[in-house]
Protein chains: 2
Amino acid sequence: MTGKRSPARRPTMKDIARRAGVSESAVSFALNGRPGVSEVTRDRVRRVAEQLGWRPSTAARALSGEGAATVGFVLARPADTLGVDSFFLQLVSGIQEVLAERHLGLLFQIAQNIADECAVYRRWWAEHRVDGVLVVDPRTDDPRPDLLDELGLPGVVIGGAPDARHPGLTTVWADDAGAMAAVVDELYALGHRRIVHIAGLAGLAHTERRIRTLRAEADRRGLTEVRSVTTDYSDAEGAAVTRRVLSGPTPPTALVYDNDVMAVAGVAAAAGLGFSVPADVSVVAWEDSALCRMVKPWLSALSRDTVEFGRTAARELTALLDGGPARTVQVPVPQLIGRESTGPARGD
Amino acid sequence: MTGKRSPARRPTMKDIARRAGVSESAVSFALNGRPGVSEVTRDRVRRVAEQLGWRPSTAARALSGEGAATVGFVLARPADTLGVDSFFLQLVSGIQEVLAERHLGLLFQIAQNIADECAVYRRWWAEHRVDGVLVVDPRTDDPRPDLLDELGLPGVVIGGAPDARHPGLTTVWADDAGAMAAVVDELYALGHRRIVHIAGLAGLAHTERRIRTLRAEADRRGLTEVRSVTTDYSDAEGAAVTRRVLSGPTPPTALVYDNDVMAVAGVAAAAGLGFSVPADVSVVAWEDSALCRMVKPWLSALSRDTVEFGRTAARELTALLDGGPARTVQVPVPQLIGRESTGPARGD
DNA sequence: GCCGCGCACTAATGCGCTTGAGTTCGATCA
DNA sequence: TGATCGAACTCAAGCGCATTAGTGCGCGGC
């Protein structure tokens, strides 16, 4: 009766051993499902453990070489850019779902840039904090795969193209090239000949891939007034670029935005300039979300199951942690959902 | 020359001790800034440690009673609800900033509901994973404070009202009541007498607080046609409720939405019904974001510095971890930013 | 000149768990 | 019947760090 309730004490394997009348090692064997104990003892130990509410201390586990039961996830984007974007929360949501099943923790960090991100990986590795990491926003010239190699840290690259130079890394990606080709197909069929692609961050692997594909598709059809402009993904730049390209002498008749946020901002900017969507200019958003159905006109968008994307990535990472081989897995190509923002090109 | 580069090995204190020609204990003393070594030895040890790129193993630290150098953050909302909401990423961004300075990790998890969230806390505690947690979305009848008490886990409640029954918890909150009063003031001054508050999740502490305040303010002015409707924060419900209340015999002339997403969806829904904003109905969004400036008309919104909110919460938690006392700290009241969506009530 | 004291440092222990090396004992086989 | 083996356990060491109890030594005080 101290008056103050003492904070509960964590039960340890020693407690279980005592209660079950066996040695600590037997408890360890029993609970980890390895041979060396009879089934009846195993059951007894399991029951006692459950009754005591025992959970292995990750600290102790990690210390005795079992890994930290944690994976890391770093987001390296300017703080103001990650405001409205729904992509990451969805992705993380899917990742979580898979990790939680296996009782793996997710260590999350926001960094300012790639260099900081690398420093975070180094620190996590040195501090014994994570068993593997999920890498997003791969770049065309990316230092992270090399670093992970050097540290021997298992990693899954999300959204990158397959990279033969890093056989240790698993890559999970969608074929952006195919999606871009489909978009161009659709717009071309609608009569659009002048298209501007308002892209995301220059240097990101998927940005560059989309840009290359767009150019290839344009060349294939002999279109000369097709181009890409890179941005920082923000609504502000999306709007600014939209105003700029629409103010030219021969404005495009179709705009393809690399995310939903810029598309929405772009539509508003276009409206401000007197362009109506889709009568004067068609708009496609690369990334579907509630946002696309919250504005009028509803935005045609490239849709994919981002949560499932996250699940896939997490599953691959757990496979890697289990000692499986690195792989390259492709998730379904985003599908173009035609809504109200795309229509026939206006005849000149 | 094995041909295969061996993954780098983590340097330990033993390595430092050897290189510096002292015992491990001396190294420990030196690096943790406690007495027992001379300044010159301390410097030498520090240099060697730096040179070797040594970082303390959190596993070992945690095991020897120093805590896990990690804080936990659980988000318990339905997966589809957390899509567009910018609040959390902003909040986490601020939290991160402070934690990173102290090299504290952030363990992040998404749960389905409060019960699951509690289970996560229990597991984290039993597994020795976190030193403290950040609790969001406090409810009117919330099991979490009791649980944290029981586990002796330091916690900071974000967004709750001060709670005298849990002296161990720090609370960081904004005075929603004051903000709501300001909103009503403003709308009243503009001539609005029929106001509907499209609130968030019923049961959340701040939802209830806003509802109570709205009622009190209405009573004070003798307004009878003022009410709140709770939702799940989604754009879908926001739109649905908007349509319902605007379809009634005497539709409200002002709508106050508990987040930006619903407000945007609501404006679109109102437009669909032939109501123009702000001519027919004024709209205020509780929570400002890029979203509010991405749609026309620009939304008047209650704005606050969410990133700073996160920073404050994290600072309080670190203070708690340092053994400081639990406190109740109030962050600035959200300010109403008048934009285009609020105007004089239409005379009947 | 000896005692005691403080300083700089070492030795040893423990945190909770895993694991390889024993130990015991009953069943099996030549 | 004694050697052999395997199943079921126990022992003890070790992971990397913090921490408590020493240990050796120079120095001031009497």
Side-chain angles (χ1 to χ4, degrees), chain A residues 8-46 48-49 52-70 103 123-131, chain B residues 8-46 48-49 52-70 103 123-131:
Chain A
R9 202 180 66 83
R10 295 171 180 78
T12 74
M13 286 192 6
K14 193 180 289 181
D15 299 321
I16 301 177
R18 187 164 27 227
R19 291 270 276 253
V22 291
S23 72
E24 279 185 64
S25 332
V27 173
S28 178
F29 292 149
L31 295 174
N32 293 323
R34 47 192 79 201
V37 286
S38 63
E39 275 313 308
V40 353
T41 306
R42 193 184 298 276
D43 274 359
R44 184 157 39 94
V45 168
R46 280 214 185 106
V48 174
L52 259 48
W54 177 85
R55 292 251 74 212
S57 149
T58 46
R61 274 243 162 106
L63 198 53
S64 35
E66 282 296 271
T70 305
H103 294 281
R123 195 152 48 73
W124 278 352
W125 172 81
E127 292 179 355
H128 224 127
R129 271 181 183 278
V130 300
D131 302 329
Chain B
R9 203 179 65 84
R10 295 172 180 79
T12 73
M13 287 192 6
K14 192 180 291 180
D15 299 322
I16 301 177
R18 188 165 24 225
R19 291 269 277 254
V22 291
S23 71
E24 278 185 67
S25 334
V27 174
S28 178
F29 293 151
L31 295 174
N32 293 324
R34 50 194 72 202
V37 288
S38 63
E39 275 313 307
V40 340
T41 306
R42 193 185 296 277
D43 274 358
R44 184 155 41 93
V45 168
R46 280 213 184 108
V48 174
L52 258 47
W54 178 85
R55 293 249 73 212
S57 150
T58 44
R61 274 244 162 103
L63 198 52
S64 36
E66 282 297 271
T70 305
H103 293 283
R123 194 151 50 70
W124 278 351
W125 172 81
E127 292 180 355
H128 225 125
R129 271 181 182 280
V130 299
D131 302 330

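Throughout, protein chains are lettered first and strands after them, A, B, ... in sequence-line order, and every chain is numbered starting at 1. Worth knowing before you read on, the calculation uses all heavy atoms, side chains too, and leaves out hydrogens, waters and symmetry mates. What you see is a predicted model; the values in this text were computed from it and never measured.
A side-chain donor-acceptor contact under 3.5 Å links B:Thr58 to the backbone of A:Glu127. A donor-acceptor contact shorter than 3.5 Å is absent between the side chain of B:Arg34 and the backbone of B:Phe29. Listed for the A:Asp131 side chain is no donor-acceptor partner under 3.5 Å among the backbone atoms of A:Gly67. For B:Thr41 (side chain) and B:Glu39 (main-chain N/O), no donor-acceptor pair under 3.5 Å exists by modelled atom type. For the pair A:Asp43 (side chain) and A:Val40 (backbone), a donor-acceptor distance under 3.5 Å is absent. Proximity of a side-chain donor or acceptor of A:Arg10 to a complementary backbone N or O of A:Trp54 within less than 3.5 Å is not detected. The closest donor-acceptor contact from the side chain of A:Ser28 to the backbone of A:Ala26 lies at 3.5 Å or more, if one exists at all.
Using a 4.0 Å heavy-atom cutoff across all strands shown, A:Arg34 reaches sugar-phosphate atoms only and no base atom. B:Val27 comes within 4.0 angstrom of nothing in the nucleic acid, heavy atoms only. Heavy atoms of A:Ser28 sit under 4.0 angstrom from at least one base atom. If you check every strand for non-hydrogen atoms under 4.0 Å, B:Met13 touches sugar and phosphate atoms only. Within 4.0 Å (heavy atoms only), B:Ser25 reaches at least one base atom of the nucleic acid.
Whole-Å rounding puts the A:Asn32 CG to C:dG20 P distance at 13 Å.
Under the side chain to side chain donor-acceptor pair (under 3.5 Å) criterion, A:Arg19 pairs with no residue at all, not counting sequence neighbours.
Residues from residues 55-70 of chain B placing a heavy atom under 4.0 Å of any atom in DNA chain C, listed by number, are B:Leu63, B:Ser64.
A 4.0 Å heavy-atom criterion places the boundary nucleotides of DNA chain D facing chain A at D:dA8 to D:dG16, written 5' to 3'.
Ranked by how close their nearest DNA chain C nucleotide is to the 5' end, B:His128 and B:Glu24 are led by B:Glu24.
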